[in-house]
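This one's a predicted model, so the numbers in the text were calculated from it and none came from an experiment. In the text below, chain A, chain B and the rest are named by the order of the sequence lines, each starting its count at 1.
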2 protein chains.
Amino acid sequence: MDNLHETQDNRSLTSRVFKYVRLGIIEGRYKSGDYLIETRLANELGVSRTPVREALRQLELEDLVECIPNRGVVVKGISSEDIDDIYTIRLQLEGLAAYWASQRIKQTQLNRLEEIIELMELYTRRNDSTNLARLDTEFHEIIFTAANSRSLKHILVWLHQNIQYARQSSLMSPSRTPKSFEEHKLIFTALEAGEADLAKTYMEKHITAAHSHPEE
Amino acid sequence: MDNLHETQDNRSLTSRVFKYVRLGIIEGRYKSGDYLIETRLANELGVSRTPVREALRQLELEDLVECIPNRGVVVKGISSEDIDDIYTIRLQLEGLAAYWASQRIKQTQLNRLEEIIELMELYTRRNDSTNLARLDTEFHEIIFTAANSRSLKHILVWLHQNIQYARQSSLMSPSRTPKSFEEHKLIFTALEAGEADLAKTYMEKHITAAHSHPEE
DNA sequence: TACATTAAAGTTGTATACATGTTCTTCTTG
DNA sequence: CAAGAAGAACATGTATACAACTTTAATGTA
């Protein structure tokens with residue numbers, strides 16, 4: 001019963017279980033209100049209860065499930081209202097990240113951003129949404145990292161993960177990709193020039209646009 | 001060897017261990033770079049390794065420790081730069097929380113806020129920092145809750161917990177308390193009147209002032 | 001002495017066993 | 001038949017046992 005067709009990232013069973021259940025919640029396989037039974041999950045994945053418990057305790061801190069003492073863990077999930085809120089929160093925080101990044105970003109990070117921009121242009125022409133989504137994630141992650149704030153990065157990574165859910169549903173819609181590409185380019189230019197306020201403004205516009213058209 | 005002089009909140013050993021280690025990191029007993037040995041902690045607390053492991057895995061997600069596979073978990077701690085960043089992030093997010101709260105707050109929550117304001121006045125006159133700190137936490141938490149956004153509340157609770165560390169150090173300094181009291185009152189008035197922009201502005205001023213003078 | 005090899009101690013990763021608490025079924029009783 | 005009690009089935013909470021991996025100490029050799 002190996003539902004776990006993972007690659008090589010077998011760091012530990014705990015993290016495998018964590019990702020598996022997380023994906024299950026994000027994809028809606030486990031719905032809000034469902035009880036997650038430890039032994040059932042353990043059998044499903046062919047592992048013991050120990051790593052399952054550790055993973056569930058982590059998911060509790062991610063706020064994706066609620067652990068009720070001596071009762072079990074119940075799925076909380078992410079509603080569309082949550083997604084809306086997350087975009088508003090991102091609006092505040094990614095603006096801040098871009099602002100800080102423009103002051104603290106290193107040359108190597110700028111180089112990688114430039115590479116990403118070039119690749120994005122290519123994949124936009126080819127309508128390759130899968131690769132575009134991957135590059136988009138990396139683009140934003142470089143900016144989180146360049147902002148050089150542990151707390152901010154921690155929050156933004158969490159928000160991005162939660163939002164994957166919304167992305168998943170509308171991935172292949174290519175209507176907005178050319179516009180999105182231009183937005184990324186503007187952000188990059190501002191970062192390169194060290195224009196903090198401009199970087200912030202462009203990032204905010206990008207998030208807002210992405211919220212209205214979540215396809216990329 | 002029962003270093004755990006807890007009250008009644010013995011929901012589970014895992015959460016007891018979690019709070020114990022968390023406090024240890026916040027108080028500086030476990031310093032950045034220290035390795036946390038599972039068996040050592042287990043003996044220290046008179047429990048088995050199972051709840052210790054679960055607690056450590058949770059602390060990893062809180063970003064207070066780093067789990068290195070097959071090596072152990074190392075303390076990350078919170079630097080003063082982190083604290084500065086957190087205040088800036090709170091500036092963005094508590095403003096948003098106050099904004100949303102002013103539109104969504106319920107009468108019972110407003111009543112409780114009014115009670116808190118009255119109590120704060122009392123304790124400010126008495127210079128009772130301990131109770132003031134408690135009320136301050138509740139004041140902000142009511143606003144998080146009233147904002148009615150799961151994600152926002154989750155982030156702000158996390159930020160507040162991280163910042164307790166900075167508060168701990170300078171608790172008894174009463175110089176700012178009268179001013180802080182006035183700020184809380186202004187926020188409350190704006191919330192009561194449903195003035196979203198005003199609530200946001202007052203909250204931002206309050207956070208900024210608290211950052212310069214973290215005693216309350 | 002310096003260095004590689006190997007044994008040993010220590011630590012983490014995982015599974016299992018048992019204790020405790022909860023839920024559901026069934027049987028009794030009014 | 002309804003309501004409640006007893007017990008079985010089930011799930012979680014915790015401890016322990018064992019396997020795998022890492023680091024350290026020890027041993028042997030050039």
### Query
Is any side-chain N or O of A/Ser48 closer than 4.0 Å to OP1 or OP2 of C/dA15?
yes
### Task
Starting from P on D/dA15, measure out to CG on B/Leu45 and report it in whole angstrom.
11 Å
### Query
Can you tell me how far C1' of C/dG13 sits from CD of A/Gln58, to the nearest Å?
14 Å
### Query
What do you reckon, is CZ of B/Arg40 surrounded by more than 12 foreign heavy atoms closer than 6.0 Å?
no
### Query
For B/His184 and B/Glu121, does a side-chain donor sit closer than 3.5 Å to a side-chain acceptor?
no
### Message
Using the rule given for side chain to side chain donor-acceptor pair (under 3.5 Å), can you reason through B/Glu115 versus B/Asn111, listing the C-alpha separation, both sets of side-chain angles and the distance that settles it, and then say yes or no?
### Response
CA-CA 6 Å; B/Glu115 264 179 51; B/Asn111 293 341; over 6 Å; no
### Query
For the base of D/dA11, is there a side-chain donor-acceptor partner from A/Thr39 under 3.5 Å away?
no
### Query
Within this structure, what is the CG-to-C1' distance between B/Leu13 and C/dT20, rounded to whole angstrom?
12 Å
### Query
Of B/His206, B/His211, B/His160, which meets ring pair (Phe, Tyr, Trp, His ring centres under 6.0 Å) against B/Tyr87?
B/His211
### Query
Atom OH of A/Tyr35 to atom C1' of D/dC10: distance rounded to whole Å?
14 Å
### Task
Measure the distance from CD on A/Glu54 to C1' on C/dT12 and round it to the nearest whole Å.
10 Å
### cation_pi(A/Arg57, B/Phe18) dist<6.0 Å, angle<=45
no
### Task
Supply the atom-to-atom distance B/Leu113 CG to B/Met120 CE, rounded to the nearest 0.5 angstrom.
9.5 Å
### Query
Stepwise, does the side chain to side chain donor-acceptor pair (under 3.5 Å) test hold for A/Lys76 with A/Ser32?
CA-CA 5 Å; A/Lys76 292 175 82 173; A/Ser32 194; over 6 Å; no
### Task
Please work out if A/Leu36 contacts a base, only the sugar-phosphate, or nothing of the nucleic acid, heavy-atom cut-off 4.0 Å.
sugar-phosphate
### Task
Check every strand shown and say whether A/Arg40 touches a base, only sugar-phosphate, or nothing at a heavy-atom separation below 4.0 Å.
nothing
### Query
Between B/Arg29 and B/Tyr20, is NZ or CZ placed under 6.0 angstrom from the six-membered ring centre and within 45° of the ring axis?
yes
### Message
For a side chain to side chain donor-acceptor pair (under 3.5 Å) check, start with the C-alpha distance between A/Asp85 and A/Thr88, then their side-chain angles and the critical distance, and finish with the verdict.
### Response
CA-CA 5 Å; A/Asp85 288 350; A/Thr88 307; 5.4 Å; no
### Message
Is the phosphate of D/dG13 approached by A/Arg53 (side-chain N or O, under 4.0 Å from OP1 or OP2)?
### Response
yes
### Query
Tell me: CD of B/Glu38 to P of C/dT14, nearest whole Å?
11 Å
#### Entry: Of residues 66-77 of chain B, the positions that come close to DNA chain C - non-hydrogen atoms, cut-off under 4.0 Å
B/Pro69, B/Asn70, B/Arg71, B/Gly72
### Query
Quick one: is B/Arg49 getting a side-chain N or O under 4.0 Å of the D/dC18 phosphate, OP1 or OP2?
no
Using a cut-off of under 3.5 Å, enumerate the N/O to N/O pairs linking the protein to nucleotides 8-10 of chain C.
none

